[in-house]
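Everything on this sheet refers to the single structure shown next.
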Amino acid sequence: MLRTHTCGELNKDHIGQTVTLSGWVDRVRDHGGGKFIDLRDRYGKTQVVIDPDSPQSAMDNVQPVRNEYVIQVIGKVIQRPAGQDNPKISTGEIELHVQELQVLNVCKTPPFVPNQKDLPNEDLRLKHRYLDLRRQPMQDTLVLRSKIIKAMRDYSEANDFIDVETPILGRSTPEGARDYLVPSRVHNGSFYALPQSPQIYKQIMMIAGYDRYVQVARCFRDEDLRADRQPEFTQLDMEMSFVDSDDVIGMIDGMMQKLAKDILNIDLPLPLPRMTWDEAMTRFGHDAPDLRFGVEIVDLTDIAAKTEFRVFRSVADAGNHVRGICAPNGQSKFSRRGIDELTKMVQEDFGAKGLAWFRVEDDGKLNSTIAKNFTAEELAEIASRMGANPGDLIMIIADTWEVSCKALYGLRKRIGAELELFDPQEMNFSWVTEFPMFEHDAEADRWIAMHHPFTAPLVEDLGHLDTDPGKARAQAYDLVINGYEAGGGTIRIHDNKVQQKVFGLLGLDAEAAQERFGFLLDALQYGAPPHGGIALGIDRVVMLFNNLENIRDCIAFPKTQKATDLMMEAPNLVETLQLKELGIEVLGKDEDE
RNA sequence: GGCGCUGUAGCUCAAUUGGUUAGAGUACCGGACUGUCGAUCCGGUGGUUGCGGGUUCGAGUCCCGUCAGCGUCGCCA
């Protein structure tokens, strides 16, 4: 037997027993006469002692042992000498006195060790992921991830959801994100696409009568990465029949309550708060606002319209918006140079023309390089509407609605973090609902589905489809946790006529729609029940529940920003013969431009 | 594709802002040590400063290009 116990479970109750442990050498402390070894596995650490009372064979075998060697020790559990307990580890009251020690495997000098104080650079961690995954924080995260997924599955099963696997090899649908394509050998020149989500399959499952479907589904999108976005990610994909938005939201409310209780021991009051997309954009400039702190956007357009300040007035006159936020005690963190930096950010990242700002002085008056353009009354009105207090920093964006939303969202996010306006331990759950059906693509002068083309409009907005599609709102809902979109879903169109109309608005005529989604359109005509669903980003939920800042730390084998796997070195070039079988020839990078 | 940050010993970092032979901690190697738990003490090995070019009497430091990692905008139905 290679082990009788793990390295985390021995305690005073085991004193006197002879046990066998196997694990990795976390550290060796050599005292000449004897050695202490911290033996580690994923359950914990146990101190192993070799001293002159141990057999000579054990002394010989331990001689070459170094960090991360895999060893097996047989020994007696003994109480530590008085005053030698280590309260930092669960096994700290005992130690193992070695009778026999075997090296099960050696280890090259590792580039880094799991208990290292300073984390190595991320590329090194990714290259030697097997070492990185030995680190306690990574193990904790993967255990948490496993628990979260189990809780989700338990909840789903308790609510009669059926777990169904859908294909990984599917059909390319050029709407939306770029597809990862897989060439077909049997059908040279044709390609499968990896699923961006099992969207259509789960709708078909509803039509097939499996009224509650769930899947822990891997999804693939060939788009550029972010701290919270991987090209390959996992979502909890769900779909329900005979439901409206409230039913789906209620179902997820219950799941979040269970997760919060099971994982974080937080009692989450239900229902989770909701706000419409319009409200979110007006108050926070974003469709996934972080509600852990205030600092809401204040509209100043009417004041701007009557000032002598040309920058403001011209924006107001043009029908655009002058809006701002007030950073509480913002002057403490943002000097003139800090403000310059924020200005650069709104200009370069969000396309704003500039950033107007005021310092709130001790007497409550506003001071700024632009203050001379305003009357005292106007300044007082701005200060009052902003709810400004001495020490605050008021930031104002005068621009189009879209730019002001983006820039103020960016500013709010940044000052929230830098001024520490919220407790990072706090968890905030909410819903954003009634998203617009369509966004207008100015360049192509056409409508684009905001969610996806199978999203049902609000019943009362059906008329807008004919008259003013931009006004039509969708039966859509996003779950927002701490300012991140943790999931999103919609009620789907189950009426073929409505579906055709939406396709029409998206510039797909009947023929094109049939060509791309014919199977779904056909299926919808064979008794499709009203249905809808949601997909939760599991990686993101893990990230948020574990208070982590990037999604790579929640995934065992993540990709880099350039979508490569540094450990396996994927993607890689393949043999010409492989390509030939697939009927594929690779053009040099420069040849296509 | 744009913008930004980073790249110096196996690892984490420093190098007085262009000036002598590029340092420290840790790891590694050798030695000492019977109670440590980030053990301690003594000694030692270890560097094409990511790569390529340029400016200069002189480049880790400045410039151009390039590669890689990260952040962000575009993008992500």
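Residue numbers start from 1 in every chain, and the chains themselves are labelled A, B, ... in the order their sequence lines are given, proteins ahead of strands. The analysis underlying the following values was restricted to heavy atoms, covering all of them including side chains, and did not include hydrogens, waters or symmetry mates.
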Give each protein N/O atom lying under 3.5 Å from an N/O atom of nucleotides 5-9 of chain B, with the pair distance.
none

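- Between A:Asp38 and A:Lys45 there is no salt bridge, since no side-chain nitrogen of the basic residue lies less than 4.0 Å from a carboxylate oxygen of the acidic one.
- Among the atoms of the strands shown, none is found under 4.0 Å from any heavy atom of A:Ile89.
- Nearer to the 5' terminus of RNA chain B, by closest-nucleotide assignment, is the contact made by A:Pro120 (compared with the other of A:Pro120 and A:Gly33).
- A distance of about 15 Å separates the P atoms of B:A27 and B:C11, rounded to the whole Å.
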For nucleotides 43-47 of chain B, print each protein N/O atom paired with a nucleotide N/O atom at under 3.5 Å, atom names and distance only.
none

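- For the pair A:Arg323 and A:Trp401, the distance from NZ or CZ to the six-membered ring centre is under 6.0 Å and the angle to the ring normal is within 45 degrees.
- The partner of B:G65 is B:C51, judged by Watson-Crick or G-U wobble contacts that both fall below 3.5 Å.
- With P as the reference atom, B:G23 and B:U49 are 14 Å apart, rounded to whole Å.
- Heavy atoms of A:Asn115 sit nowhere under 4.0 angstrom from any nucleic acid atom.
- Residue A:Gln116 is classed as a sugar-phosphate contact, given heavy-atom separations below 4.0 Å to backbone atoms only.
- Ring-base stacking between A:Phe36 and B:U36 is satisfied, the centre separation being under 5.5 Å and the plane angle under 30°.
- The existence of a salt bridge linking A:Asp228 and A:Arg540 is confirmed by a sub-4.0 Å separation between a basic side-chain nitrogen and an acidic carboxylate oxygen.
- Between the side chains of A:Gln215 and A:Thr166, a donor-acceptor pair is found at a separation under 3.5 Å.
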